[in-house]
Amino acid sequence: MKYFLYIAIITGVVFTSCEKSYESVPLGQQTTLDLAFDTRDSLGKEAMLYLLTTYQQAFYSGHNRVNGNYLDAASDDAISSASGIPSVQAIATGAYSAALTNTDDQWARNYAGIRNATVFIVYINRVPLLELLPNGQPARSAYRSEARFLRAWLYFQLLRRYGGIPLLGDTIRQITDNVQLPRNSFSDCVNYIVSECDNIKDSLRTAAMVNSNTYGRITQGAALALKAEVLLYAASPLFNGGNIDPSNPLTGYTNYDLNRWKLAADAAKTVIDLGTYQLMPNFNDVFTTQTTPVGPNTEVICWMQTGSPGNGVEISNAPVGYTSAGGNGATSPTQNLVDAFSSDSGYAITDAAAHYNVNDPYSNRDPRLSLTVFHNGSLWLNRAIQTFDGGLDKPGGSVQQTKTSYYMRKFMGPFESVTSNPPSYSGIDHDWVYYRYAGILLDYAEATNEFSGPSTDVYNILYALRKRAGILTTPDNTYGVPQGMGQTDMRTFIHNERRVEMAFEEQRFFDIRRWKIAPQVYNNAPLQGLDLQQSSGGQLFYNRVPVLTTIFRDPQMYLYPIPYSEVVKNDQMKQNPLW
């Protein structure tokens, strides 16, 4: 979808109902409102520009979005290569407060988007749109439901960061209004978002209705995927039985309910049963291939188109030694992440059956490793990457470079072998994927295991993911998945499979919180990298070294603080515990 900046954002209209009536507003604001939602515009041109602006406000590309870094660099999967204390590192080390908010704070941004989505929801019925969807349904209903999805999605982004937040409904207030609103309970927020998804799913386009003119529009699958994710979070330990303030309804449920896992599993199964989506044959193609009809991507459910094909991801994150093509090496994956990838036979590297060789650590590994992380010896732009000390891609000095001996490879085009001289990048689509079928499969596997333990369905999902990854098969086609696991072992296995499959997709940061394992992840030991030395004879020595001491204050840091500015101006705004 092509995004436009619709400069006439309405900021001063007060509504008295959710449809047509509104109070008098200054002439200039009324003119802007009349332009955006023109009662004579049967094409809805200006209203569509307003909606596209709302898309732009709601969605963001996760590529290097946290001041030049991926959010995963605030987890145990990576650190920033930047010097000093980059803002993403401040999140990982707890260097923020209610007054000094971290760079992932989304309170003001999201409420601005929520307001503009509501303006569209309330006023689109004024526009006499004649457009019909391919199934004959009025397009206006779909557009209105798209805005409702965006609003629900923005609420969820707030919910998983802050717990319960104020729900504004269809009321639109002026910036100058003195609004004293309390936070809604966590349960209320979950119920509201789920209800919105249920109410809009049948009026949205199906994936089959998307064409080149509507590429990037919210579809029925996206609404169902959002519902599944919200219910997965609601069922997870942080909110379901592990509330950090047990009697506080703002920070989670005040009781444990096993059936919440069943609701999450059923919601994910609904997406599966659509029969619309399937795993792409090649793992890397998921992130560089656009979806039907622009391209044959069968896995992506909801995404943000980031513009014309380019090479911004490569230039920002590729190794630094490729001066002709560019590479700033912004992201340094950790040894912790690398160790999570199994052997190519599917066995954990700690298992003797993996035949892991500490002096040849990258041979015979899960193929997803080489598509997620650059390591010493990886082929890129027709040469082997050198991340040993003094190598081309770890030269020392003041240039930004890897701090762990690794660089991020995921999301980049297939530039291992190129024919240009000097080697260079061609344009690649780097759409940011919010929901994809592999994630839905993992949601279903996790929720099903938590509700009733391992099942044939759970095993089959793991087989499918590992088969697509390129894990070598065995005579019984189990792809290294241990047989006969109990619920606890299966939980550990699913968690790790999710980590390697979804690395750098803004999953790990939130997963370790919703699973309530953050203290173990952050506080047990410093994150690890390699000090890789090469002798004069070419022999390599792999020395593990600490690269960052992370901090997690339990239970304070499970939720972000409500911004101090919101608390001081609103007597009813209750702060999160210990902030």
Leu167/Tyr155 under side-chain contact (heavy atoms from CB on, under 4.5 Å): CA gap, chis, key distance, verdict: CA-CA 8 Å; Leu167 299 173; Tyr155 275 128; 3.8 Å; yes

Value rounded to 0.5 Å, distance of [atom1] in [X] from [atom2] in [Y]:
| X | Y | atom1 | atom2 | answer |
| --- | --- | --- | --- | --- |
| Leu51 | Glu46 | CG | CD | 13.0 Å |
| Thr219 | Phe149 | OG1 | CZ | 8.0 Å |
| Leu441 | Gln278 | CG | CD | 11.0 Å |

Derivation of the side chain to side chain donor-acceptor pair (under 3.5 Å) call for Ser61 and Thr306: CA-CA 7 Å; Ser61 169; Thr306 54; 5.5 Å; no

Derivation and outcome, side-chain contact (heavy atoms from CB on, under 4.5 Å), residues Phe120 and Thr53: CA-CA 11 Å; Phe120 185 90; Thr53 299; over 6 Å; no

Side chain to side chain, Phe156 and Cys189, heavy atoms closer than 4.5 Å: no

According to salt bridge (charged side-chain N to carboxylate O under 4.0 Å, His left out), who are the partners of [X], at least two apart in sequence or on a separate chain?
| X | result |
| --- | --- |
| Arg161 | Asp104 |
| Arg436 | Glu299, Glu501, Glu505 |
| Arg514 | Glu446, Asp511 |
| Lys269 | Asp273 |

Donor-acceptor side-chain pairing of Trp303 and Tyr215 below 3.5 angstrom: yes

Lys/Arg cation over aromatic Phe509: Arg513, 6.0 Å, 45° cone: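 Positive - Arg513 is close enough to the ring of Phe509 and near enough to its axis.
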
Cation-aromatic face contact Arg65/Tyr60, 6.0 Å, 45 degrees: yes

Tyr55 and Phe59 aromatic ring geometry - parallel, tilted or perpendicular at 30°/60° bounds: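 Perpendicular, since the angle between the ring planes exceeds 60°.
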
Aromatic ring pairing Trp432/Phe411, orientation class (parallel under 30°, perpendicular over 60°, tilted between): tilted

Looking at residues at least two apart in the chain, or sitting in another chain, which of them share a side chain to side chain donor-acceptor pair (under 3.5 Å) with [X]?
| X | value |
| --- | --- |
| Ser185 | Asp188 |
| Asp105 | Tyr162 |
| Tyr434 | none |
| Gln575 | none |

Residues Asn317, Thr331; criterion side chain to side chain donor-acceptor pair (under 3.5 Å); working and verdict: CA-CA 6 Å; Asn317 300 283; Thr331 306; 2.9 Å; yes

Return the set of residues passing ring-ring contact (aromatic ring centres under 6.0 Å, His included) with [X] (not counting sequence neighbours), or none when no residue passes.
| X | answer |
| --- | --- |
| Phe186 | Phe239, Tyr253 |
| Tyr444 | none |
| Tyr435 | none |

Ser87 vs Asn67, side chain to side chain donor-acceptor pair (under 3.5 Å): CA-CA, chis, key distance, verdict: CA-CA 7 Å; Ser87 57; Asn67 279 2; 3.2 Å; yes

Full working for side chain to side chain donor-acceptor pair (under 3.5 Å) between Thr214 and Asn211: CA-CA 5 Å; Thr214 55; Asn211 57 40; 3.2 Å; yes

Salt bridge (charged side-chain N to carboxylate O under 4.0 Å, His left out) assessment of Arg160 paired with Glu229: CA-CA 11 Å; Arg160 66 176 177 173; Glu229 185 177 34; 3.7 Å; yes

Trace of the salt bridge (charged side-chain N to carboxylate O under 4.0 Å, His left out) decision for Asp34 with Arg126: CA-CA 9 Å; Asp34 289 340; Arg126 294 184 56 181; 3.2 Å; yes

Salt bridge (Lys or Arg N to Asp or Glu O under 4.0 Å) partners of residues 555-567, not counting sequence neighbours, each pair once: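 Every salt bridge (Lys or Arg N to Asp or Glu O under 4.0 Å) pair that includes a residue of residues 555-567, provided the two are not neighbours, is Glu566-Lys569.
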
Salt bridge Glu196-Lys227, side-chain N to carboxylate O under 4.0 Å: no

Heavy atoms of other groups near Lys262 NZ, more than 12 under 6.0 Å: no

Salt bridge (charged side-chain N to carboxylate O under 4.0 Å, His left out) evaluation trace for Arg151 with Glu146: CA-CA 9 Å; Arg151 184 172 65 178; Glu146 288 172 30; over 6 Å; no

